[in-house]
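One-based numbering along the sequence shown. We use all heavy atoms of the structure for the numbers below, so side chains are in, but hydrogens, waters and symmetry mates are not.
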Amino acid sequence: MEPAEKVLRVALLLLMGTELTQVFPANPEDGWQVFSSAQDTEGRCVCTVVAPQQTVCSRDARTKQLKQLLEKVQNMTQSIEVLDQRTQRDLQYVERMEVQLKGLENKFKQVEDGHESNTARQYKAIKAKMDELRPLIPVLEAYKADARLVVQFREEAANVTALLSSLQEQLGGLDYQDLNSRVANLEERLRACMQKLACGKLTGISEPVTIKTSGSRFGSWMTDPVAPPGDNRVWYMDGYHNNRFVREYPSMYDFMTTDNFTSHRLPHPWSGTGQVVYNGSIYYNKFQSHTIIRFDLSTSLISRTRQLDFAGYNNMYHYSWGGHSDIDLMVDEGGLWAVYATNQNAGNIVLSQLNPSTLQIIRSWTTNHPKRSAGEAFMICGTLYVTNGYSGGTKVYYAYSTNSSTYEYIDVPLTNQYSHLSMLDYNPRDRALYAWNNGHQVLYNVTLFHIIK
């Protein structure tokens with residue numbers, strides 16, 4: 001039988017204080033293999049696994065697969081419990097606010113109806129302020145729905161766990177494919193729920209997991225954060241200038257273990273390592289220009305080009321490591337972004353949100369951080385995070401929030417295992433940082449602290 005391995009990702013929003021551990025890949029033919037994992041504060045494990053072949057040929061293999069599938073569902077159940085605790089906490093907070101809002105509104109109405117006095121006018125002014133807070137009530141209703149959804153997840157996970165436990169004792173009539181489909185469906189819905197609730201502030205970065213060692217000292221690699229379920233292709237771009245060949249690997253497993261790839265030839269060479277793949281297109285900075293190109297990977301045609309006005313290029317405002325890294329494209333939960341610098345902003349970082357279809361700038365923010373002093377940068381939940389360097393001891397030390405147009409200095413250590421970061425990008429689907437570190441392709445898990453405002 002031919003193996004049908006695939007890479008499954010189980011993403012968990014972790015609380016502050018999470019400790020992460022690293023487990024390297026083993027032979028996928030031996031069963032479900034862990035190549036990265038995380039432990040929360042109570043010791044529960046959440047991991048990324050390489051799944052074995054779907055069909056089984058013997059009773060022993062079937063028993064082993066059942067056992068591993070049961071463990072997977074149990075891990076998901078633990079994830080659901082953590083999610084439930086966070087959801088209930090947030091729900092209680094917003095419910096208290098709703099009671100206060102409604103009580104104040106009733107009191108305002110009584111005063112307005114019964115008096116024509118300075119006191120009434122004062123209450124009316126306060127009521128106008130309360131009107132600004134009314135949008136919180138629909139937020140409350142959404143959290144109530146989220147809480148019900150988490151309860152449903154818990155019940156489904158319990159049902160699947162019970163069925164798997166029963167089947168371990170009675171292997172006759174086993175439909176493993178159906179069970180695996182049910183687990184995958186539950187996992188996908190859980191991921192979607194956590195995607196909605198998990199946006200927050202970066203508080204930690206795990207130890208790196210080396211996926212592969214290949215290519216030159218500089219380059220970029222990525223997956224499509226909005227690819228449809230089952231599309232786990234990996235994109236690989238070696239070098240930082242005067243190259244136009246992009247490798248497409250069918251899956252993370254193929255990328256890790258084989259040279260099974262398709263080559264795409266871009267119409268123009270790229271500049272730097274700030275490329276991204278988003279919704280089936282690759283976005284990159286054309287070499288020796290401030291032109292952004294959107295290249296459709298399915299048709300092998302340019303679907304849009306646009307100049308990023310006033311952006312420095314050709315090593316004018318690069319990251320501190322150089323490499324024509326003047327324009328860095330990136331993706332987070334909010335969409336497509338460009339990080340660059342201009343003369344008008346004195347060489348400091350400018351952050352622009354782009355329309356992924358037209359490449360038009362939706363909105364821009366000017367920061368006070370010199371681009372040449374930044375090691376690397378990435379976006380998470382509308383916040384730009386900047387490292388203090390690219391070699392040796394490295395940390396994320398500057399954060400600029402587009403939601404509040406404010407910045408702060410932070411201290412989040414980043415293990416720079418191979419001493420030369422030339423690419424660091426966040427993938428919101430995997431909730432992981434992809435890095436190119438001195439010819440090594442590396443993944444980091446991130447810890448986000450979720451706050452309701």
Side-chain angles (χ1 to χ4, degrees), residues 14 16-22 24 36 38 200-222 240 272-276 315 317-332 337 339-341 347-349 351 367-381 383-401 407-427 430-449:
L14 302 173
M16 293 180 67
T18 299
E19 296 181 358
L20 294 116
T21 59
Q22 174 178 336
F24 288 98
S36 70
K201 180 180 178 180
L202 178 69
T203 58
I205 301 174
S206 76
E207 291 298 305
V209 177
T210 302
I211 300 300
K212 191 173 185 176
T213 301
S214 64
S216 64
R217 194 176 189 184
F218 318 96
S220 62
W221 71 293
M222 66 219 76
Y240 65 80
T273 59
Q275 308 87 9
V276 293
N315 267 338
Y317 293 124
H318 54 72
Y319 287 132
S320 57
W321 65 270
H324 294 261
S325 55
D326 305 77
I327 298 174
D328 191 2
L329 301 172
M330 50 189 71
V331 171
D332 74 349
W337 302 82
V339 171
Y340 54 100
N348 293 328
I349 289 176
L351 175 61
T367 77
N368 63 349
H369 194 291
K371 179 114 180 353
R372 283 174 171 264
S373 298
E376 268 292 339
F378 54 91
M379 291 288 297
I380 298 180
C381 298
T383 295
L384 176 70
Y385 294 95
V386 180
T387 70
N388 65 336
Y390 63 92
S391 62
T394 308
K395 65 179 180 179
V396 179
Y397 83 117
Y398 178 90
Y400 184 90
S401 170
Y407 71 93
E408 64 176 328
Y409 289 98
I410 59 177
D411 188 0
V412 179
L414 173 68
T415 301
N416 191 351
Q417 185 172 359
Y418 303 107
S419 301
H420 197 289
L421 285 167
S422 61
M423 170 258 179
L424 188 63
D425 270 346
Y426 173 69
N427 186 305
D430 300 336
R431 298 215 172 272
L433 292 173
Y434 284 58
W436 190 293
N437 195 337
N438 210 359
H440 301 79
Q441 291 74 53
V442 175
L443 283 177
Y444 297 86
N445 290 319
V446 299
T447 302
L448 302 181
F449 183 56

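Under a 3.5 Å cut-off, the side chain of N388 and the backbone N or O of Y397 do not form any donor-acceptor pair. For the pair Y319 (side chain) and M423 (backbone), a donor-acceptor distance under 3.5 Å is absent. Judged by distance alone, with hydrogens and angles left aside, the side-chain atoms of S206 form a donor-acceptor pair with the main-chain N or O of N445 at under 3.5 Å. No donor-acceptor distance shorter than 3.5 angstrom exists from the side chain of S391 to the backbone of S419, with no hydrogens or angles considered. Checked by atom type and distance alone, the side chain of N438 pairs as donor or acceptor with a backbone atom of Y418 at under 3.5 Å. With S216 contributing its side chain and F218 its backbone, the two residues share a donor-acceptor pair below 3.5 Å. No donor-acceptor pair closer than 3.5 Å links the side chain of D326 to the backbone N or O of A341. Under a 3.5 Å cut-off, the side chain of N437 and the backbone N or O of H440 do not form any donor-acceptor pair. With hydrogens and angles disregarded, a donor-acceptor distance shorter than 3.5 Å links the side chain of Q441 to the backbone of S214. In this structure, the side chain of T210 does not engage the main chain of P208 through any donor-acceptor pair within 3.5 Å.
Atoms NZ and CH2, from K212 and W221 in turn, are 10.0 Å apart once rounded to the nearest 0.5 Å. To the nearest 0.5 angstrom, N348 atom CG is 5.5 Å from T367 atom OG1. S320 contributes atom OG, which lies 10.5 Å from atom CZ of R372 (distance to the nearest 0.5 angstrom). For the atom pair H324 NE2 and Y240 OH, the distance stands at 5.5 Å (nearest 0.5 Å). Distance check: L421 CG to W321 CH2 gives 10.5 Å after rounding to the nearest 0.5 Å. Separation of atoms CE (M330) and CG (N427) is listed at 13.5 Å; rounding is to 0.5 Å.
Closest non-hydrogen pair, G322 versus N315, comes out as C-OD1, 4.0 Å. Nearest heavy-atom pair across V386 and A374 is CG1-CB, 3.4 Å. In plain terms, the two heavy atoms of A377 and D328 that are nearest each other are O-OD2, 3.7 Å. Taking all atoms of both residues into account, the shortest heavy-atom contact from V339 to K371 is O-CE, 4.0 Å. Taking every heavy atom of both residues into account, G200 and C381 meet most closely at N-SG, 3.5 Å. Scanning all heavy atoms of the two residues, the minimum distance from I205 to L433 falls at CD1-CD1, 4.0 Å.
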Query raised in the report: When you look at T383 and L202, which way does the side-chain contact (heavy atoms from CB on, under 4.5 Å) test go after all the steps?
Result: CA-CA 9 Å; T383 295; L202 178 69; over 6 Å; no

Report task. Kindly indicate, with the supporting measurements, whether the criterion side-chain hydrogen bond (donor to acceptor under 3.5 Å, both in side chains) is fulfilled by Q275 and S220. Result -> CA-CA 7 Å; Q275 308 87 9; S220 62; 2.6 Å; yes

Report task. Report the C-alpha distance between I211 and V442 in whole Å, list the side-chain angles of each, state the deciding distance to 0.1 Å, and finish with yes or no for side-chain contact (heavy atoms from CB on, under 4.5 Å). Result -> CA-CA 6 Å; I211 300 300; V442 175; over 6 Å; no

Query - From CA spacing to verdict: side-chain contact (heavy atoms from CB on, under 4.5 Å), I410, V396 - result: CA-CA 7 Å; I410 59 177; V396 179; 3.9 Å; yes

Query - Residues Y398, Y385; criterion ring pair (Phe, Tyr, Trp, His ring centres under 6.0 Å); working and verdict - result: CA-CA 6 Å; Y398 178 90; Y385 294 95; 9.6 Å; no

Query raised in the report: side-chain contact (heavy atoms from CB on, under 4.5 Å) between Y434 and L443: does it pass, once the steps are laid out?
Result: CA-CA 5 Å; Y434 284 58; L443 283 177; 3.6 Å; yes

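In summary, the aromatic rings of H369 and Y400 are positioned with their centroids too far apart to meet the 6.0 Å limit.
The shortest side-chain heavy-atom distance between L329 and W337 does not fall under the 4.5 Å cut-off. With contacts defined as side-chain heavy-atom distances shorter than 4.5 Å, the pair T273/E376 qualifies.
Using modelled atom types, one finds no donor on one side chain facing an acceptor on the other under 3.5 Å when comparing Y426 with D430.
Counting heavy-atom neighbours within 6.0 Å of Y407 OH, excluding the residue itself, gives a total of 12 or less.
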